[in-house]
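Have a look at the structure below before the remarks.
Atoms considered below: every heavy atom in the structure, side chains included; atoms not considered: hydrogens, waters and symmetry mates. Numbers restart at 1 for each chain; the letters A, B, ... are given by sequence-line order, proteins then strands.
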There are 2 protein chains.
Amino acid sequence: MDRVALERVAEVFRAFSEPTRLAILQELKEGPRNVNTLVTALGTTQANISKQLRVLYDAGILNREKSGNQVFYSIDDDIVFPLCELVCNKLNREQTLGSRYDFSI
Amino acid sequence: MDRVALERVAEVFRAFSEPTRLAILQELKEGPRNVNTLVTALGTTQANISKQLRVLYDAGILNREKSGNQVFYSIDDDIVFPLCELVCNKLNREQTLGSRYDFSI
DNA sequence: CAGTCGTATAACTATGTAGTTATATGCCAG
DNA sequence: CTGGCATATAACTACATAGTTATACGACTG
């Protein structure tokens with residue numbers, strides 16, 4: 001892979017590399033959510049949620065759907081759960097305490 | 001998952017989120033390599049390679065083995081290839097051109 | 001149209017980090 | 001011990017970005 005391809009792969013991983021974005025994905029695994037629902041669920045500002053949603057959307061991970069004056073986001077790629085589960089399994093293997101890392105439904 | 005667990009998951013993804021580190025992983029998939037070999041293969045400074053190796057090592061992805069005055073690094077976690085292949089498959093699905101994203105052996 | 005709600009964006013601050021240069025540390029040869 | 005080689009680290013610059021506040025934009029209500 002050349003540098004451009006590696007940069008594109010890195011961009012996808014970067015989308016998963018912040019706890020706030022992972023928390024958004026955890027909420028969205030329950031189903032589509034509009035922005036305000038995510039704001040109240042995650043307890044940060046609406047501007048920040050919108051910004052992080054854009055990062056995930058640009059990475060090709062989320063779907064957008066407007067409904068009236070609201071916007072619903074949902075997970076658009078089936079790699080999300082396998083990816084997160086691989087990492088969670090790895091982390092669970094590294095510790096003796098029970099399975100504290102869990103991204104499954 | 002609480003914030004601490006999410007942060008730990010994010011840290012693993014962050015290790016994969018830079019092209020230089022992905023290039024190191026691509027070299028290491030051929031087998032163990034010492035630092036200088038990676039430096040000449042990747043064409044950056046020795047200090048930078050050492051720094052990125054440390055990030056990968058701290059994330060639990062690489063193995064270190066000293067041999068004389070050299071240090072050999074190798075891939076220490078079996079999640080590396082499944083993770084990268086998931087992302088590569090996703091990217092290949094998104095374009096019509098042939099499989100340009102490939103992390104397999 | 002005016003007001004309100006939901007979302008996106010601009011501007012900013014603070015922090016993290018990739019990459020560099022220079023230096024330190026450790027190992028081996030002679 | 002002395003010199004040279006391999007690696008790690010410190011100090012620094014440049015840049016990216018998470019999060020905030022304020023504001024703009026668009027859609028619905030009355």
Which parts of residues 61-72 of chain A get close to DNA chain C, meaning a heavy atom less than 4.0 angstrom away?
A:R64, A:N69, A:Q70, A:V71

Go through the structure and list residues passing ring pair (Phe, Tyr, Trp, His ring centres under 6.0 Å) with A:F16, not counting sequence neighbours.
B:F13

Would you verify whether the NZ or CZ of A:K66 falls within 45 degrees of the ring axis of A:F72 while also being under 6.0 Å from that six-membered ring's centre?
no

Going 5' to 3' along DNA chain D, between which two nucleotides do contacts with chain B fall, using a heavy-atom cut-off of 4.0 Å?
D:dC5 to D:dG19

What ring pair (Phe, Tyr, Trp, His ring centres under 6.0 Å) pairs are there with at least one residue in residues 23-43 of chain B, not counting sequence neighbours?
none

Counting C-beta onward and ignoring hydrogens, is there a side-chain heavy-atom pair between A:V87 and A:L83 closer than 4.5 Å?
no

For residues 35-49 of chain A, which side-chain N or O atoms pair as donor and acceptor with protein atoms under 3.5 Å away, sequence neighbours left out?
from  : atom 1 : to    : atom 2 : distance (Å)
A:T37 : OG1    : A:N34 : OD1    : 2.5
A:T40 : OG1    : A:N36 : O      : 3.3
A:T40 : OG1    : A:T37 : O      : 3.0
A:T44 : OG1    : A:N48 : ND2    : 3.3
A:T45 : OG1    : A:N48 : N      : 3.2
A:Q46 : NE2    : A:S50 : OG     : 3.1
A:N48 : OD1    : A:Q52 : NE2    : 3.1

Qualifying ring pair (Phe, Tyr, Trp, His ring centres under 6.0 Å) pairs, either residue in residues 17-44 of chain A, two or more places apart:
none

For the residue pair B:C88 and B:D102, establish whether any side-chain heavy-atom pair is separated by less than 4.5 Å.
no

A:R100 and B:M1, any side-chain heavy atoms less than 4.5 Å apart:
no

In residues 2-21 of chain A, what residues come within less than 4.0 Å of DNA chain C, judged by heavy atoms?
A:R3

Within residues 43-58 of chain B, which residues have any heavy atom lying less than 4.0 Å from an atom of DNA chain C?
B:T44, B:T45, B:A47, B:N48, B:K51, B:Q52

Output all residues satisfying side chain to side chain donor-acceptor pair (under 3.5 Å) with A:T20, sequence neighbours left out; order by chain, then residue number.
B:R3

Please enumerate all residues that pass salt bridge (Lys or Arg N to Asp or Glu O under 4.0 Å) together with B:D76, with sequence neighbours excluded.
none

Enumerate, atom names and distances included, each donor-acceptor pair closer than 3.5 Å involving a side-chain atom of residues 4-12 of chain A, sequence neighbours excluded.
from : atom 1 : to    : atom 2 : distance (Å)
A:E7 : OE2    : A:R14 : NH2    : 2.9
A:R8 : NH1    : A:E11 : OE1    : 3.0
A:R8 : NH2    : B:E94 : OE1    : 3.4

Is there a side-chain contact between B:V71 and B:E65 (heavy atoms, below 4.5 Å)?
no

Dot-bracket encoding of pairs in DNA chain D, which uses [ ] for pseudoknotted crossings and | for another strand, Watson-Crick or G-U under 3.5 angstrom
||||||||||||||||||||||||||||||

Do B:I79 and A:R93 have side chains that approach each other closer than 4.5 Å (heavy atoms only, starting at C-beta)?
yes

With a 4.5 Å cut-off on side-chain heavy atoms, are A:L25 and A:I61 touching?
yes

Close side-chain approach of A:F81 and A:K29, heavy atoms under 4.5 Å:
yes

